[in-house]
Amino acid sequence: MHCDPRFSRVREVFERHFADGEELGAAFAVYQDGELVVDLWDGVADRNTGRPWERDTPAFAYSCTKAVTATVLLRLAERGLVDVSAPVAEVWPEFAARGKGAITVEHLLTHQSGLPVLEEPVPVEEFEDQAAIAARLAGQEPLWEPGTAHGYHALTYGFLVGEVVRRVTGKSVGELVAAEIAGPLGLEMWVGAPDDVISRTARLKAAERPQELKVTEAGAGPDASGAAPNGQGRPDDVLAAMTKAALDPQSLMNRALGNPAMHRVQGGANNPIILRAGWPAAGLVTTARGLAGFYRSLAAGDILSPGTLREATRTRVNGPDRVLLLDTAFGLGYMRPSLTFLMPSASAFGHSGAGGSIGLGDPERGLGIAYVMNKMANALSGNLRGIRLVEAVYQSI
């Protein structure tokens with residue numbers, strides 16, 4: 001393990017999580033101005049066998065994938081192969097069915113297309129056939145007028161954006177990540193892991209069923225005036241509505257989060273079917289060092305031009321989310337600071353993942369940061385462990 005003395009506070013927080021029994025296995029990495037200043041790992045990768053977490057142990061990072069997928073598409077836009085402002089149907093003609101002809105690529109990236117759910121259950125046999133799942137979405141009608149509202153497309157985001165990528169290049173997001181980003185830059189990250197990586201991937205431990213749904217483990221507490229952050233009214237009302245939605249199988253939230261249903265295969269996200277499938281919304285297998293290195297390279301202009309990144313991280317939607325029922329904020333596929341992406345800096349961007357994983361960049365401070373773990377938290381996005389570590393980084397600079 002490595003930790004620059006300037007970031008000793010980060011190591012103290014990381015070690016305290018294990019000492020207090022909050023972690024099972026985890027890794028945390030930080031690049032500053034291109035230098036790896038923090039590279040920490042500890043615990044067990046598999047609680048059943050006692051397999052230790054090693055330097056090269058990867059973990060399934062759920063929605064951290066979305067930022068990687070967005071980056072793949074933005075690289076195509078830089079080459080003139082995709083026009084983000086143009087209708088999706090220009091490259092995917094079947095998508096125009098049922099009133100979707102005006103939906104743009106930007107609508108997909110910003111969760112505004114009105115397609116947050118797959119209406120019919122996806123059979124396990126299709127889990128690795130992304131084109132077949134995309135075809136299902138092409139035949140659906142939007143749930144709201146595209147461009148008038150946003151709602152988190154938890155899984156459909158990837159099949160939609162991924163199909164645009166496939167129509168333009170003939171390749172999957174995972175293939176392009178391997179060939180153009182992870183391979184050339186030497187990053188330990190895969191959208192669709194090969195068997196040798198799957199064999200050493202950390203085994204996730206599911207969180208206990210929550211009594212009350214949480215935004216993050218840190219919660220969404222009121223300020224001194226009693227108002228919730230982002231002007232959303234009292235936090236008790238927001239959490240009550242979210243809890244009600246979480247308990248309703250037919251709620252938009254559950255329908256968005258639960259189809260395709262990972263739990264239909266033994267072991268859920270630990271199953272090789274899921275790890276190999278490379279879903280572009282929730283399919284990333286990565287080490288903390290690999291994901292932090294991705295954001296280091298983004299900030300350095302090695303993956304996207306600085307101008308493209310500035311435009312992509314400009315907040316496009318910010319406010320009530322029709323799926324998550326609280327305020328969220330997005331650029332072109334990247335999360336911006338909000339209740340679901342609690343960041344100490346307004347210049348941070350990235351994406352968190354269900355259960356706790358976090359990947360972020362901050363060009364103003366030259367930072368690339370990532371946290372992965374296998375003890376999942378009862379949270380829609382992020383967890384208190386990851387947030388504490390990110391805060392410790394900012395307190396150290």
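As the structure is a computational prediction, the values presented were derived from the model and not from experiment.
- Using a distance-only test at 3.5 Å, with no hydrogens or angles considered, a donor-acceptor pair links the side chain of Ser357 to the main chain of Ala61.
- Tyr152 and His351 make their closest contact through OH-CE1, 3.4 Å (heavy atoms, listed as atom of the first residue, atom of the second, distance).
- When atom types are taken as modelled, the side chain of Asn259 and the backbone of Leu118 share a donor-acceptor pair closer than 3.5 angstrom.
- Of the candidates Tyr371, Phe349, Tyr31, Phe349 is the only one forming a ring pair (Phe, Tyr, Trp, His ring centres under 6.0 Å) with Tyr295.
- In this structure, the side chain of Thr340 does not engage the main chain of Thr328 through any donor-acceptor pair within 3.5 Å.
- One finds the CG atom of Asp248 at 8.0 Å from the NZ atom of Lys244 (value rounded to the nearest 0.5 Å).
- Hydrophobic clustering (ILVMFWY, side-chain heavy atoms < 4.5 Å, transitive): Ile198 and Ile274 are in one cluster.
- Between the side chain of Gln140 and the backbone N or O of Glu119 there is at least one donor-acceptor pair closer than 3.5 Å.
- A donor-acceptor pair is defined here as one N or O able to donate and one able to accept, closer than 3.5 Å; no such pair exists between the side chain of Thr110 and the backbone of Val317.
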(message) Could you walk me through whether Val164 and Leu76 satisfy the side-chain contact (heavy atoms from CB on, under 4.5 Å) test, starting with their C-alpha distance in whole Å, then the side-chain angles of each, then the deciding distance to 0.1 Å, before giving a yes or no?
(response) CA-CA 10 Å; Val164 171; Leu76 300 178; over 6 Å; no
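- When all heavy atoms are compared, the tightest approach of Gly353 to Cys64 is N-SG, 3.8 Å.
- At least one donor-acceptor pair under 3.5 Å links the side chain of Lys66 to the backbone N or O of Ala154.
- No donor-acceptor pair under 3.5 Å is formed between the side chain of Asp195 and the backbone N or O of Pro272.
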(request) Please step through side-chain contact (heavy atoms from CB on, under 4.5 Å) for the pair Arg75 and Glu180, ending with a clear verdict. (result) CA-CA 10 Å; Arg75 285 173 57 85; Glu180 299 186 4; 3.2 Å; yes
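- Between the side chains of Thr104 and Glu106, no donor-acceptor pair of N or O atoms lies under 3.5 Å.
- Outside the 6.0 Å centre-distance limit, the rings of His111 and His150 are not counted as a close aromatic pair.
- Counting non-hydrogen atoms of neighbouring residues, nucleotides and ligands closer than 6.0 angstrom, the CZ atom of Arg310 reaches no more than 12 such neighbours.
- Contact check on Arg16 versus Glu12 returns no salt bridge, with no Lys/Arg side-chain nitrogen under 4.0 Å from an Asp/Glu carboxylate oxygen.
- Placement of Ile358 and Leu24 in two distinct hydrophobic clusters is found when ILVMFWY residues are connected by side-chain heavy-atom separations under 4.5 Å, directly or transitively.
- Clustering ILVMFWY residues whenever any of their side-chain heavy atoms sit less than 4.5 angstrom apart, transitively, puts Val173 in the very cluster that holds Ile273.
- Looking at Leu143 and Leu252, their side chains come closer than 4.5 Å, going by heavy atoms from C-beta outward.
- Remark: Arg136 does not engage Glu120 in a salt bridge, criterion side-chain N to carboxylate O under 4.0 Å.
- Closest heavy-atom contact between Pro58 and Val285: CB-CG1, 3.7 Å.
- Phe95 has its side chain out of reach of Leu137: every pair of non-hydrogen atoms, C-beta onward, lies at least 4.5 Å apart.
- For the residue pair Ser305 / Glu78, a side-chain donor-acceptor distance below 3.5 Å is found, with atom types taken as modelled.
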(request) Just do the side-chain contact (heavy atoms from CB on, under 4.5 Å) check on Glu90 and Asp83 with the steps written out, would you? (result) CA-CA 9 Å; Glu90 287 191 4; Asp83 181 351; 5.5 Å; no
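- Interatomic distance, CZ of Arg11 versus SG of Cys3, reported as 6.0 Å (0.5 Å rounding).
- A continuous path of hydrophobic side-chain contacts links Trp53 to Met189 [ILVMFWY only; heavy atoms under 4.5 Å].
- The minimum heavy-atom distance between Pro344 and Val390, with the atom names listed, is CD-CG1, 3.9 Å.
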(request) Test side-chain contact (heavy atoms from CB on, under 4.5 Å) on Val265 and Phe127 and set out the steps. (result) CA-CA 10 Å; Val265 297; Phe127 278 19; 4.3 Å; yes
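- Using a cut-off of 4.0 Å between Lys/Arg side-chain N and Asp/Glu carboxylate O, Arg55 and Glu188 are scored as not salt-bridged.
- Residues Ser63 and Tyr157 have side chains that never bring a donor and an acceptor to within less than 3.5 angstrom of each other.
- With Glu126 contributing its side chain and Pro123 its backbone, the two residues share no donor-acceptor pair below 3.5 Å.
- Scanning both residues, Gly21 and Lys375, for their nearest heavy atoms gives O-NZ, 3.1 Å.
- There is a side-chain donor-acceptor pair under 3.5 Å between Arg9 and Gln395.
- Salt-bridge annotation for Arg388 and Glu391: absent, with no side-chain N of the basic residue lying under 4.0 Å from a carboxylate O of the acidic one.
- Although no hydrogens or angles enter the test, the distance criterion places no donor-acceptor pair under 3.5 Å between the side chain of His17 and the main chain of Glu22.
- By the criterion of side-chain heavy atoms lying less than 4.5 angstrom apart, applied directly or through intervening Ile, Leu, Val, Met, Phe, Trp or Tyr residues, Val82 is grouped together with Leu160 in one hydrophobic cluster.
- Residues Arg6 and Gln32 have side chains that bring a donor and an acceptor to within less than 3.5 angstrom of each other.
- No donor-acceptor pair under 3.5 Å is formed between the side chain of Asp46 and the backbone N or O of Arg203.
- Minimum interatomic distance between Thr65 and Leu284 (heavy atoms only, all atoms of both residues): OG1-N, 2.9 Å.
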